[in-house]
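Just so you know, ligand 1 is whichever comes first in the structure, and atom 1 is the first atom listed for that ligand.
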Amino acid sequence: MSSYDRFPEEVLFLKDAARQVAERGLGPLVRDVDEKGEFSHEVVAVLREAGWLGMGVSAAWGGVDSDVSAFVVVMEEVSKVFPTAASILAPHWFASKMVSRFAEGPWVAPLLDRVVNGQVLGALAATEPDAGSDLASVSTTAQRDGGEWVINGSKRFITNGGFADFYVVLTRTDGNREGGLSMFLVEADRPGIKIGRLEKKMGLRASATAEIFFDDLRVEADHLIGEQGSGFKQASKALVEGRVMVASISLGIAQGCLEHAIAYARERKQFGRPIGEFQGIQFMLANMAIETAAARSLTCDAAVAVQSDAPDAGMRAAIAKTFASDAAMSVSTNAVQVLGGVGYTSDFPVEMLMRDAKIQQIYEGTNEIQRTIIAKRLLGRPSGKAS
Ligand SMILES: Cc1cc2nc3c(=O)[nH]c(=O)nc-3n(C[C@H](O)[C@H](O)[C@H](O)COP(=O)(O)OP(=O)(O)OC[C@H]3O[C@@H](n4cnc5c(N)ncnc54)[C@H](O)[C@@H]3O)c2cc1C
């Protein structure tokens, strides 16, 4: 039984459509934009054209209430071809979901209308120089001043930073560790926001990863997303879904690498026969298939758990994220090995997929943090970790 048998039928149609968009729309761009190493508007245009920028908006705001499985299949198909594109989508979905679920105020409907129409890009600004895995130590402050909030501080590693139209920003509104955090919507054109350095990265090279500074940035009181002090709780819940997204990106990387390795093993001849006839290569391919299949099962399991709000959804998402990203790293490394010298060149996509696999073990909560979440659940204590 395929793991996808647990997904609704319309999601399987979406998977086919996503494969075509990824192959025909993104495929021809990949080599150039990855080499260029700059944020790619062309990639965003493909995502917009496919209608994927609006997927995070609920039906109540004019969206479609996409099932978690719909995000999974889009992420997998996109990541088989170009994981950078998936990494642009993930924080955009996160930010639009946060607004869609928790925000109130006259600005919400016009913003989400633009999201649904693919006219704007969002970002999540949570990480800071001194608040990475320990997100509860965020020190960017938001202080109430009459009918406004004043935000001061800095953020680091923000995907889509400098190119997003709106940011969901995690701030400290009082001294309570987790209960003192609140989320705000900050439009990119507010005075007081400054984009700093864009990171030079090993992978995800056509996405922007930026420093952001807030200097007496003012937003109206209704830009607080949800209740004051609920930011950590909201982020933790959304990050559970985010981990299923990273598992799906990882799954796509593994599947893509497996397919490239099989094709090459059939074609490439040494010692007078295809290298796929050597047992050393066969065992490598078989192990890659085993890891990919297991990653798919765990990712589908986590998607179903999150969609149905299962009590152990957090642990199942952490298991899927950890296993699938470790599998992506291992399968992509072996794909480079199967291709030999050409695998190490940019003539084949496996070297890019290997570079893009590494970050999946790091963001959305490192795999060490995932293991602490799993262990805490096993030992009967709530995890309490947002990252
Ligand atoms: C390309 C990229 C894109 C990103 N996009 C975003 C984004 O859009 N928005 C955003 O807010 N953030 C983003 N991030 C930040 C990302 O989520 C963090 O880098 C990640 O959570 C790890 O934090 P850190 O880098 O500060 O590492 P640290 O927390 O400093 O960790 C360093 C090492 O210590 C380990 N460690 C830490 N604590 C523990 C512990 N308790 N037990 C065991 N080991 C531990 C970690 O696993 C890691 O190996 C992005 C990062 C990158 C590189």
Side-chain angles (χ1 to χ4, degrees), residues 34 37-39 56 79 83-98 121-140 153-172 181 183-184 186 188 195-214 231-232 234-236 238-243 245-246 249-250 253 318 321-322 325-326 328-329 352 355-376 379 381 383-387:
D34 187 68
E38 292 170 6
F39 180 84
S79 305
T84 295
S87 82
I88 292 172
L89 272 176
H92 167 77
W93 283 343
F94 186 108
S96 37
K97 277 184 187 184
M98 295 305 286
L121 192 63
L124 165 72
T127 303
E128 297 180 357
D130 291 324
S133 297
D134 182 13
L135 256 197
S137 65
V138 152
S139 64
T140 292
S154 68
K155 297 288 175 182
R156 193 174 185 202
F157 294 140
I158 307 309
T159 302
N160 298 337
F163 297 89
D165 301 279
F166 65 99
Y167 296 89
V168 167
V169 184
L170 189 63
T171 67
R172 176 158 300 289
L181 298 181
M183 291 228 186
F184 286 88
V186 172
I195 305 301
R197 188 179 59 164
L198 292 178
E199 305 291 346
K200 294 192 193 316
K201 308 192 295 291
M202 172 195 289
L204 302 185
R205 288 175 46 78
S207 76
T209 310
E211 276 180 314
I212 303 184
F213 300 96
F214 302 104
F232 188 82
Q234 290 163 347
S236 302
L239 278 170
V240 169
E241 224 170 292
R243 284 165 191 149
M245 295 306 110
V246 176
I249 298 174
S250 306
I253 293 174
K321 192 268 181 187
T322 308
S325 58
D326 286 351
M329 197 66 245
M352 176 196 76
R355 286 186 282 109
D356 289 352
K358 186 61 212 170
I359 185 61
Q360 313 307 327
Q361 297 176 305
I362 295 172
Y363 60 15
E364 218 73 23
T366 65
N367 283 5
E368 290 73 36
I369 293 299
Q370 302 310 309
R371 288 182 168 93
T372 67
I373 291 171
I374 296 162
K376 280 178 185 165
L379 296 168
R381 283 177 289 148
S383 84
K385 276 270 175 200
S387 136

What part of I359, side chain, backbone, both or neither, has a heavy atom within less than 4.0 angstrom of ligand 1? side chain
For atom 5 (N) of ligand 1, the option (of L135, T159, V138) bearing the nearest heavy atom: T159
Heavy atoms only: which of G132, G365, A125, G203 lies closest to atom 23 (O) of ligand 1? G132
Should the proximity of E364 to ligand 1, defined as any heavy atom under 4.0 Å, be assigned to the side chain, the backbone, both, or neither? backbone
Any heavy atom of R371 closer to ligand 1 than 4.0 angstrom? no
With a 3.5 Å cut-off and no angle check, do the side chains of N367 and S325 form a donor-acceptor pair? yes
What are the atoms of ligand 1, with element, lying closer than 4.0 Å to any heavy atom of I362? 20 (C)
Looking only at non-hydrogen atoms, the one of F94, Y167, F157 nearest atom 50 (C) of ligand 1 is F157
Only heavy atoms of T366, strictly under 4.0 Å: list the atoms of ligand 1 that pass. 22 (C), 46 (C), 47 (O)
If you count the atoms of ligand 1 from 1 in the order shown, which ones are under 4.0 Å from a heavy atom of S133? 23 (O), 28 (P), 29 (O), 31 (O), 37 (C), 38 (N)
Under 3.5 Å, is there a donor-acceptor pair between the side chain of K155 and the main chain of L170? yes
Answer yes or no: is there a donor N or O on one side and an acceptor on the other, between the side chain of R172 and the main chain of V138, under 3.5 Å? yes
Distance in Å, Y167 OH paired with F214 CZ, rounded so as to fall on 0.5 Å steps: 8.0 Å
With rounding to the nearest 0.5 Å, note down the distance linking OG1 in T159 to CG in L204. 7.5 Å
From the candidates E368, E199, E128, the one that places a heavy atom nearest atom 49 (O) of ligand 1: E368
Using heavy atoms and a threshold below 4.0 Å, how should the contact between I369 and ligand 1 be classified: side chain, backbone, both, or neither? side chain
Show the nearest heavy-atom pair for residues A188 and A164, with the distance to one decimal. CB-O, 3.2 Å
Quick one: does K321's side chain have a donor or acceptor within less than 3.5 Å of a partner on T366's backbone? no
Please check: side-chain N/O of Q370 versus main-chain N/O of G365, any donor-acceptor pairing under 3.5 Å? yes
Check for a donor-acceptor pair, side chain of R243 on one end and backbone N or O of A318 on the other, with a separation under 3.5 Å. no
Please determine if I158 has a nitrogen or oxygen closer than 3.5 Å to a nitrogen or oxygen of ligand 1. no
Under 4.0 Å from any heavy atom of A126, which atoms of ligand 1 are there? 11 (O)
Close-contact set for ligand 1 against K201 heavy atoms, below 4.0 Å: 1 (C)
